[in-house]
Every structure is written in structure tokens, then in C-alpha cells.
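Notes follow once the structure below has been shown.
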Amino acid sequence: MVKDKKTKPSKELPLGFIDREEKELLIRDFVISNIKEVMIKYGFQYLETPSFEYTDSIGKFLPDKDRPDQGVFSFKDERNWLSLRYDLTAPLARYVAKNYMELPKPFKRYQLGTVWRNEKPGPGRFREFLQFDADVVGTGNLQADAELCVLISEILEKCGLDVKDYTVKISTRKLLDDLFKNLKITSREQSLTTMRALDKIDRLGWAEVKKLLGKGRKDKSGDYTKGANLTNDQIIEIESKLNKKKTDMEDIKEILSIFEAYNFKNYEYNPTIIRGLEYYTGPIFEVNLNFEVKNLKGQIIQFGSIGGGGRYDNLVSNFGNLNCPATGISIGLDRLVFALMQKKDFKLETSRPVVICVFNTTKTKEYVQILKKLRSSNISAEIYPGEGKLKKQMEYANKIGSPAVILYGDDEIKTGNVTLKNLETGNESSIKIEDLANEIKKIV
RNA sequence: GCAGCAGUAGCUCAGUUGGUUAGAGCACUAGUUUGUGGAACUAGGGGUCGGUGGUUCGAAUCCACCCUGCUGUACCA
């Protein structure tokens with residue numbers, strides 16, 4: 001190979017993409033196994049759809065542009081624009097529309113999958129991440145919405161969170177719809193800006209949000225955000241409506257009564273939950289963590305919610321004349337794992353291999369015999385996978401966290417025993433090969 | 001997108017108002033120990049000082065633009 005400095009490939013990763021190492025992956029596996037268990041218990045089917053979809057089937061269109069609408073990663077094959085999915089809900093709607101006749105109604109499915117977003121990454125947010133989705137399609141019954149909240153809560157607690165570590169907040173999009181109607185806020189742009197402003201109450205508080213509802217707001221970095229230009233009266237009306245602790249919204253009352261039947265208490269009715277998406281039509285929910293999360297530099301960051309969802313009764317009908325109500329919830333798994341790692345000290349079974357040291361390459365046959373004996377007893381083991389002095393082999397074993405090394409050199413071969421060295425205590429003992437597996441199990 | 005801060009060895013960072021051959025700790029390699037890890041000591045390798053252009057006799061240091069990272073903000077189907 002020609003080595004030319006100028007053509008050396010970059011070892012940096014593309015913006016917003018990261019390597020994930022074993023500790024995180026093991027915790028992720030743990031979370032996933034909890035999810036699967038709970039989903040089976042609640043009667044959901046497992047589904048996988050492809051990473052790519054036709055751009056227009058996941059709700060992105062490209063009229064005369066060189067590139068499809070920003071936010072997605074896209075490319076054009078011979079005929080069509082394809083995009084990497086940006087969530088699992090849009091592909092589900094497509095799947096349901098495609099298989100409508102065959103599917104049970106309602107159709108309950110869950111899905112785990114990587115999604116991609118072509119946007120600026122933030123703290124704990126990347127351009128590639130793992131999402132978990134649970135949806136109930138084909139019923140308007142609010143039992144489905146309620147059960148999604150209960151199920152998310154069960155998953156979180158199974159993963160080790162305490163009741164006070166998280167809150168499921170619920171509200172309904174109908175509340176805003178009514179409010180906008182009464183206040184005669186009809187322009188789409190104004191209502192969208194209002195919704196986005198209200199979505200920030202948790203983070204900014206009412207005083208700042210009121211600026212966003214009015215003329216606009218300058219944040220502490222000096223950036224200025226244009227407001228929704230509502231009148232004072234309108235703002236006051238919104239604040240008083242959204243500050244009510246009790247609700248007269250029918251769908252919320254119904255869900256709360258279902259929660260009671262389930263004896264589910266860890267929710268909070270919070271009319272300031274908005275969720276930016278336009279497609280929601282009914283109850284909406286959001287899952288928030290109640291503890292501080294730090295980044296790798298130890299700074300406390302604005303972590304936001306780890307997931308949420310709601311009812312989207314019109315999404316499937318985009319594909320045709322299907323009247324197909326639906327509701328769903330998504331969790332950002334990587335973010336959940338990131339937070340869990342800080343909250344709990346996971347003792348994960350990562351059994352590292354026992355290392356059989358190599359003294360003499362002509363003894364490979366003997367080493368392999370020992371190796372096979374250990375592996376057949378279900379002990380993680382390996383012959384030192386390199387070459388070098390014993391010291392180097394010991395350093396290797398130490399570095400990978402091996403519990404013990406096995407020495408089988410000329411001295412041992414004479415006696416027929418092997419030397420087992422416990423790397424934690426440093427003790428060495430001479431052991432018959434037949435007893436080796438049992439002795440190691442005492443250490444591991 | 002906007003704003004603030006940052007980018008010097010694999011990692012964390014120092015580098016005085018611009019001045020020889022750019023440093024430290026950790027990590028790595030070898031040795032002190034040719035069959036013994038975590039500790040110590042000795043030696044060694046490793047940098048176009050994020051990039052490009054400019055100012056200057058001379059730039060890691062000053063200026064401009066760009067790239068990347070962090071944080072906030074905006075957007076987020």
C-alpha cells in the first residue's frame with residue numbers, strides 16, 4: 001500500500017455519529033430484554049421494517065428540489081428518492097396501509113430500530129439512534145392510550161428506575177384546538193408558533209414563554225426568537241386555561257379513570273405538554289426523568305424528555321381512504337441508556353475469558369485440550385491470542401479483566417498438573433486438569 | 001440557522017508581551033526480572049500546534065475565512 005499523508009483517511013466520525021462501547025451496549029441489551037418481556041406480556045407483536053423507505057411514503061416530499069426536505073438522509077436511485085427513516089411511526093403507517101386487509105384490528109405492534117435524522121446534534125442527541133415504538137392501530141378506544149402509559153412505566157421500573165425518578169405527563173391536543181377556536185387563532189403559522197412556545201414552559205417558565213407568545217424573546221446567548229404576536233388578552237386567557245389543575249376534557253377524564261382501574265398513579269395531568277408535531281389529534285403523553293443528567297465533561301445538561309407520543313387518528317388515512325385511528329409511544333433508547341448509566345451502577349455479567357498462557361508453540365495441542373475442556377464447561381476462555389513473553393501475556397490478561405490465567409509450561413507438563421493463577425488475589429495453585437473447570441468456577 | 005467557548009502527542013492539558021530543536025502527566029514500546037500482571041525505576045517511539053491564506057526577518061502565539069467539538073437557542077416530520 002502506498003502511504004501518502006495527504007490521502008490518509010480520516011479517523012474522525014461524521015458529525016453526529018458515535019462509537020458505542022461494550023458497557024453501554026450491555027446496558028442497552030438489558031433494557032431491550034426488559035422491553036421484549038413487557039411487550040409480550042401486553043400482547044404486542046414484534047415487527048421490523050426496512051431502514052429505507054420511499055421518501056414520499058414517510059411524509060417527505062420533494063417537489064422541485066435537488067434534495068428532499070431537510071432533516072432526512074436521502075439519495076436517488078434510478079427512479080425514486082429514498083430516505084433513511086427518521087422515526088418508526090411513519091413506516092408503521094405505511095405498513096398498516098399496505099397490509100390493511102390482513103391485519104387484525106386493532107393491530108398492536110412494537111418495534112426496535114435505528115433511526116436517522118439529518119440535523120444538528122445536541123447534548124445526548126445524535127444523528128443515528130435507537131428508538132423503541134409501541135403502537136395500537138385501528139381503534140379509537142382510549143384504553144389503548146392508557147395502556148401505553150402503563151406499559152412504559154412498567155418498562156422503566158423494570159430497568160431499575162424508581163417511581164420518583166420519572167413522570168408520565170399527559171394532556172390532550174383537543175384542549176389547544178378548543179382554545180385556538182375560542183381565541184380565534186386561525187392562521188396555521190400563528191398556532192404553530194404558539195404551540196412551540198407553550199412546549200417550552202417546562203424549560204423556560206411562564207414569564208419567558210409569554211414573551212414568545214407576544215413579540216419575541218432574547219435568550220441568554222443573545223439570540224432572538226420571533227414571537228407569535230398574540231394580544232395580551234389572548235395570552236392571559238391561554239395562561240389561565242393551561243394553569244388549571246383540573247380538566248373538563250372528556251378524553252383525559254376517561255384516561256384518568258382507566259389509570260385508576262390499573263392502579264397506575266405515577267402520572268401527572270399537565271396541560272402544558274404540547275408536543276410539537278402537528279399530526280396528533282387527541283391525548284398526548286411525554287415521559288420525563290426527574291434526575292439530573294450530566295454529559296461526559298460532568299456538566300449538567302438540558303436532557304428533555306426520553307420519549308412520548310399520542311393519538312394520531314389521521315396518519316394512516318394519508319395513504320388512502322382508510323379510516324384508521326391510532327395511538328403510539330416512542331422512547332429514545334440510547335438516551336434512556338445514557339441516563340440509566342448515571343443513575344445506577346450496573347453490575348453486568350461480562351465474564352472475561354480465562355487466559356491460557358503460551359510457553360511453547362509446539363504445545364498447541366495441549367493448550368487446545370485445556371481450552372476445549374473449559375469452554376465445554378461453559379467457561380469463557382482463550383489461548384493467549386498473540387505472541388510474547390509471559391509478562392506480556394499477564395499484562396494482557398490483567399488489562400482485559402481476566403479472572404485468572406492458566407500456566408502450562410515445561411514444569412507443569414512434568415507433573416501433569418496445571419498452575420492456576422487467580423489474578424485478583426495473586427494466588428497460584430497446582431491443579432489437576434480434570435479439576436480445573438471446577439476450581440475456576442469457584443473464582444468466577 | 002443564530003450565539004458563546006474551545007481545538008497543541010492516543011487521552012488530559014501547560015506553553016509567559018510573537019524568538020533556537022514545542023513540553024508534562026497518563027497511555028504505549030523495550031529493559032531492570034530469558035516463567036509471572038496491578039507498584040517502582042530507566043530508556044525510547046509518537047506532533048505539518050484543526051485547515052487554508054495573510055501580517056512579520058521570524059507565528060502554536062497576531063489577523064481573515066473555513067472545518068470540527070462542547071454549551072445554549074431555534075427547528076425537529
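In what follows, chains carry the letters A, B, and so on, assigned in the order in which the sequence lines appear, proteins first and then strands, with residues in each chain numbered from 1. Since the model is a prediction, treat every value here as computed from it, not as a measurement.
- The CZ-C1' distance, from A:Arg127 to B:rG69, rounds to 13 Å in whole Å.
- Atom C1' of B:rG51 sits at a distance of 14 Å from the matching atom of B:rA60, rounded to the whole Å.
- Taking 4.0 Å as the cut-off between side-chain N and carboxylate O, A:Arg127 and A:Glu119 do not count as a salt-bridged pair.
- For A:Arg275 and B:rC76, the shortest distance from a side-chain N or O to OP1 or OP2 is not below 4.0 Å.
- Within the 4.0 Å cut-off from OP1 or OP2 of B:rG72, not a single side-chain nitrogen or oxygen of A:Arg203 is found.
- Dense packing is recorded around CD of A:Gln342, with more than 12 heavy atoms of other residues, nucleotides or ligands lying under 6.0 Å away.
- Comparing B:rU73, B:rU71, B:rC75 by their nearest atom to the side chain of A:Lys200 picks out B:rC75.
- For the P atoms, the distance from B:rG37 to B:rC28 is 14 Å, rounded to whole Å.
- Nucleotide B:rC26 forms a pair with B:rG10, judged by Watson-Crick or G-U wobble geometry with both contacts under 3.5 Å.
- Annotation: A:Tyr312 is not in aromatic contact with A:Tyr280 [ring centroid separation under 6.0 Å not met].
- Listed candidates were B:rG35, B:rG72, B:rU36. Nearest to the side chain of A:Pro123 is B:rG72.
- Nucleic acid contact for A:Glu208: none, since no nucleic acid atom lies under 4.0 Å from a heavy atom of the residue.
- In this structure, A:Glu21 places its CD atom 13 Å from C1' of B:rG10, rounding to the nearest Å.
- With respect to A:Lys399 and A:Glu395, no salt bridge is recorded, no charged nitrogen being found less than 4.0 Å from a carboxylate O.
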Dump every N/O contact between nucleotides 38-45 of chain B and the protein below 3.5 Å, one line per pair.
from	atom 1	to	atom 2	distance (Å)
B:rG38	O4'	A:Asn398	ND2	3.3
B:rG38	N2	A:Glu424	O	3.4

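- The number of heavy-atom neighbours closer than 6.0 Å to OH of A:Tyr54, taken from other residues, nucleotides and ligands shown, is 12 or below.
- Rounded to a whole angstrom, the distance from the C1' atom of B:rG44 to that of B:rA27 is 14 Å.
- A donor-acceptor pair is defined here as one N or O able to donate and one able to accept, closer than 3.5 Å; no such pair exists between the side chain of A:Arg85 and the backbone of A:Val115.
- Among the heavy atoms of the strands, none lies under 4.0 Å from A:Lys226.
- One donor-acceptor pair, N or O on each side, does fall under 3.5 Å between the base of B:rG35 and the side chain of A:Glu412.
- Atom-to-atom, CG of A:Leu192 to C1' of B:rC75 comes out at 12 Å; the value is rounded to the nearest Å.
- Under the Watson-Crick or G-U wobble criterion, with both distances below 3.5 Å, B:rU55 has no partner in any strand shown.
- When the P atom is compared between B:rA24 and B:rC63, the two are found 29 Å apart, to the nearest whole Å.
- Closest-nucleotide positions on RNA chain B for A:Trp116 and A:Gly16 were compared, and the one nearer the 5' end corresponds to A:Gly16.
- No donor-acceptor distance shorter than 3.5 angstrom exists from the side chain of A:Lys200 to the backbone of A:Glu208, with no hydrogens or angles considered.
- Closest to the side chain of A:Lys399, from the set B:rU36, B:rA27, B:rC75, is B:rA27.
- Rounded to an integer number of Å, the gap from CZ of A:Phe126 to P of B:rU68 is 16 Å.
- Of the inter-residue distances, the one linking A:Phe73 atom CZ with A:Leu82 atom CG reads 15.0 Å to the nearest 0.5 angstrom.
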Please lay out, stage by stage, how A:Thr114 and A:Glu128 fare under the test side chain to side chain donor-acceptor pair (under 3.5 Å). CA-CA 7 Å; A:Thr114 307; A:Glu128 174 183 62; 5.6 Å; no
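- Put simply, CG on A:Leu390 is 13 Å from P on B:rG31, counting in whole angstrom units.
- Counting to the nearest Å, the P atom of B:rA74 and the CE atom of A:Met195 are 15 Å from each other.
- No engagement by A:Ile58 is indicated, since no non-hydrogen atom pair under 4.0 Å with the nucleic acid exists.
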If you apply the rule side chain to side chain donor-acceptor pair (under 3.5 Å), what do you find for A:Thr55 with A:Asn80, and how did you get there? CA-CA 8 Å; A:Thr55 302; A:Asn80 298 294; over 6 Å; no
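- Nearest-nucleotide positions on RNA chain B place A:Leu15 closer to the 5' end than the other of A:Ala197 and A:Leu15.
- In summary, the side chains of A:Thr193 and A:Gln190 do not present any donor paired with an acceptor at a separation below 3.5 Å, with no hydrogens or angles considered.
- Counting atom types as modelled, A:Gln393 pairs no side-chain N or O with a base atom of B:rU36 as donor and acceptor under 3.5 Å.
- Atom CD of A:Glu237 and atom OG1 of A:Thr231 lie 10.0 Å apart (nearest 0.5 Å).
- Using atom C1' as the reference point in both B:rC49 and B:rA39, the two lie 35 Å apart (nearest Å).
- Nucleotides B:rG18 and B:rU55 place their C1' atoms 11 Å apart, quoted to the nearest Å.
- The separation of B:rG25 from B:rU68, taken at their P atoms, amounts to 34 Å, rounded to a whole angstrom.
- Taking atom NZ on A:Lys392 and atom P on B:rC28, their separation rounds to 12 Å, with Å as the unit.
- Here, B:rG50 and B:rU8 have their C1' atoms 10 Å apart, quoted to the whole Å.
- At a threshold of 4.0 angstrom between heavy atoms, the contacts of A:Lys120 include nucleobase atoms, whether or not backbone atoms are also involved.
- When Watson-Crick and G-U wobble pairs are counted only if both distances are under 3.5 Å, B:rC2 pairs with B:rG72.
- OP1 or OP2 of B:rU29 has not a single side-chain nitrogen or oxygen of A:Lys389 nearer than 4.0 Å.
- Distance A:Tyr384 OH to B:rG37 P: 14 Å, rounded to the nearest Å.
- Shown for residues 353-373 of chain A: residues whose heavy atoms fall under 4.0 angstrom of RNA chain B, namely A:Phe359.
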